[in-house]
Amino acid sequence: MRIARFAHGGGMSFGVVEGEPDGLTVAAIEGHPFGPITFAGPRWALADVRLLSPILPSKVVCVGRNYVEHAAELGNEVPKEPLLFLKPSTSVIGHGDTIRLPVQSKRVEHEAELAVVIGATGARNADRAAAEKAIFGYTCANDVTARDLQRADVQFTRGKGFDSFCPIGPWITTDLDVSDREVRCEVNDEVRQLGRTKDMVFDAATLVSYVSHIMTLLPGDVVLTGTPAGVSQLNSGDTVSVSIDGIGTLTNKVV
């Protein structure tokens, strides 16, 4: 199932995206998507609504250096345990929204990532089995990074935390095996990153379990699972797209 959050003439709703790529529709549901799905009546062609970020997390927990080749391209070793940092909720934007380059940085880069969305149970001190059950679904993410600020600060908060630096979307896909999915990033239709989730050092369930022993993951929280090699600079006027096999494509303009 594909769960979207979208704006329409009557306001904002969660909905279920259905159909084939050339004729997608979205059907509104009652309330949030974490319980039983009850359709609320209206159905729209996807082209007639505006997709929003599919969820509004209380926090975005990110994992650094979770692909060996990406760690190497930045001159880092692979950590023995997951390397965690946070993005603020205010960094989250959706499909079609604009990534805004901050004046403080001279080098902003894309990082295509698989994102994990936590479901209704949340996760606290979860073992692997409980972590797997806590996962509601998956979406695409772009961990936009001001690389020069990240290197200058050593800590990641400023370089990762600007408004618009966490596009996620276009929707959440549930019941998906993500053990071996292609992760692709294109800038202006040029492939910049191409990896597979099987190459992650720590898989999704391991990461959710690990994080849950440090901080409680609430329903709707998002865990970003790291990026493959190939990160490169974004410039004003670029169009950047993150695609994950079985989920879809997240596209954003850069200004």
Side-chain angles (χ1 to χ4, degrees), residues 4-8 11-12 46-47 49-64 70 73-74 84-117 139-172 183-193 220-228 230-244 247-255:
R5 194 174 67 95
F6 63 101
H8 50 83
M12 185 279 292
L46 199 65
V49 302
R50 184 170 74 88
L51 290 175
L52 307 171
S53 62
I55 202 71
L56 292 175
S58 77
K59 56 186 170 293
V60 180
V61 186
C62 309
V63 180
H70 172 61
E73 75 177 343
L74 297 183
L84 303 184
F85 58 94
L86 296 173
K87 279 182 176 282
S89 60
T90 48
S91 67
V92 173
I93 59 173
H95 174 78
D97 290 337
T98 301
I99 298 168
R100 299 190 176 276
L101 302 176
V103 297
Q104 296 94 325
S105 174
K106 297 187 184 307
R107 186 173 182 89
V108 172
E109 298 181 350
H110 56 79
E111 294 192 6
E113 308 204 11
L114 173 72
V116 179
V117 181
T139 191
C140 305
N142 190 344
D143 176 18
V144 182
T145 303
R147 191 71 67 197
D148 51 351
L149 303 185
Q150 180 189 19
R151 286 172 171 150
D153 294 352
V154 181
Q155 297 188 8
F156 292 3
T157 301
R158 183 168 64 135
K160 301 278 193 175
F162 286 96
D163 289 357
S164 81
F165 267 30
C166 189
I168 57 174
W171 42 67
I172 301 165
V183 180
R184 174 190 295 257
C185 181
E186 297 182 6
V187 179
N188 305 328
D189 298 322
E190 175 191 351
V191 177
R192 299 282 183 86
Q193 292 181 270
D221 280 350
V222 171
V223 178
L224 303 192
T225 58
T227 195
V231 298
S232 63
Q233 187 166 1
L234 293 173
N235 297 295
S236 184
D238 285 345
T239 298
V240 56
S241 295
V242 174
S243 301
I244 298 178
I247 298 176
T249 298
L250 165 70
T251 299
N252 301 92
K253 284 279 196 182
V254 181
V255 299

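- Residue Ser241 holds its OG atom at 8.0 Å from CG of Asn252, rounded to the nearest 0.5 Å.
- Within the 4.5 Å cutoff, the side chain of Pro167 has no heavy atoms near those of the Asp97 side chain.
- Other residues, nucleotides and ligands contribute over 12 non-hydrogen atoms within 6.0 Å of the CD atom of Gln104.
- Remark: the backbone N or O of Ser91 is not paired with any side-chain donor or acceptor of Asp163 at under 3.5 angstrom.
- Heavy-atom minimum distance, Ile172 versus Ile55: CD1-CB, 4.3 Å.
- Counting all heavy atoms, side chain and backbone alike, Val49 lies closest to Ala7 at CB-O, 3.4 Å.
- The two residues Gly94 and Leu250 have their closest heavy-atom pair at C-CD1, 4.2 Å.
- In this structure, a donor-acceptor pair under 3.5 Å is present between the side chains of Lys160 and Thr145.
- For the residue pair Thr251 / His95, no side-chain donor-acceptor distance below 3.5 Å is found, with atom types taken as modelled.
- Leu86 has its side chain within reach of Val61: a pair of non-hydrogen atoms, C-beta onward, lies under 4.5 Å apart.
- Here Thr98 contributes atom OG1 and Ile93 contributes atom CD1; the two are 7.0 Å apart, rounded to the nearest 0.5 Å.
- Here the side chain of Arg192 pairs no donor or acceptor atom with the backbone of Gly230 at under 3.5 angstrom.
- In this structure a side-chain-to-backbone donor-acceptor pair under 3.5 Å is missing from Gln193 to Cys185.
- Looking at heavy atoms from C-beta onward, Glu113 lies out of side-chain contact with Val223 at the 4.5 angstrom threshold.
- Minimum interatomic distance between Ser58 and Ser89 (heavy atoms only, all atoms of both residues): O-CB, 4.2 Å.
- In this structure, Leu234 CG and Arg107 CZ are separated by 9.5 Å, a value rounded to the nearest 0.5 Å.
- Counting only heavy atoms from C-beta outward, the side chains of Ser236 and Leu101 approach each other to under 4.5 Å.
- Proximity of Ile99 to His110: side-chain heavy atoms (C-beta onward) are nowhere separated by under 4.5 Å.
- Side chains of Thr225 and Val63 form no contact here, defined as non-hydrogen atoms less than 4.5 Å apart.
- The backbone N or O of Lys106 sits less than 3.5 Å from a side-chain atom of Asp148, completing a donor-acceptor pair.
- Contact check for Val108 versus Pro102: side-chain heavy atoms found under the 4.5 Å cut-off.
- In this structure, the side chain of Glu109 does not engage the main chain of Val231 through any donor-acceptor pair within 3.5 Å.
- Note that CZ of Phe165 is 9.5 Å distant from CG of Asn142, once rounded to the nearest 0.5 Å.
- Across all their heavy atoms, Thr139 and Gly169 have their closest contact at OG1-O, 3.0 Å.
- For the pair Pro88 and Gly161, the tightest heavy-atom approach, listed with the atom from each and the gap, is CG-O, 3.4 Å.
- In this structure, the side chains of Leu224 and Cys166 come closer than 4.5 Å at one or more pairs of heavy atoms.
- The environment of Arg147 atom CZ is dense: over 12 non-hydrogen atoms of other residues, nucleotides or ligands sit within 6.0 angstrom.
- Remark: Glu190 CD to Asp238 CG distance equals 10.0 Å, nearest 0.5 Å.
- Taking CZ of Phe156 as the reference point, atom SG of Cys62 lies at 10.0 Å (rounded to 0.5 Å).
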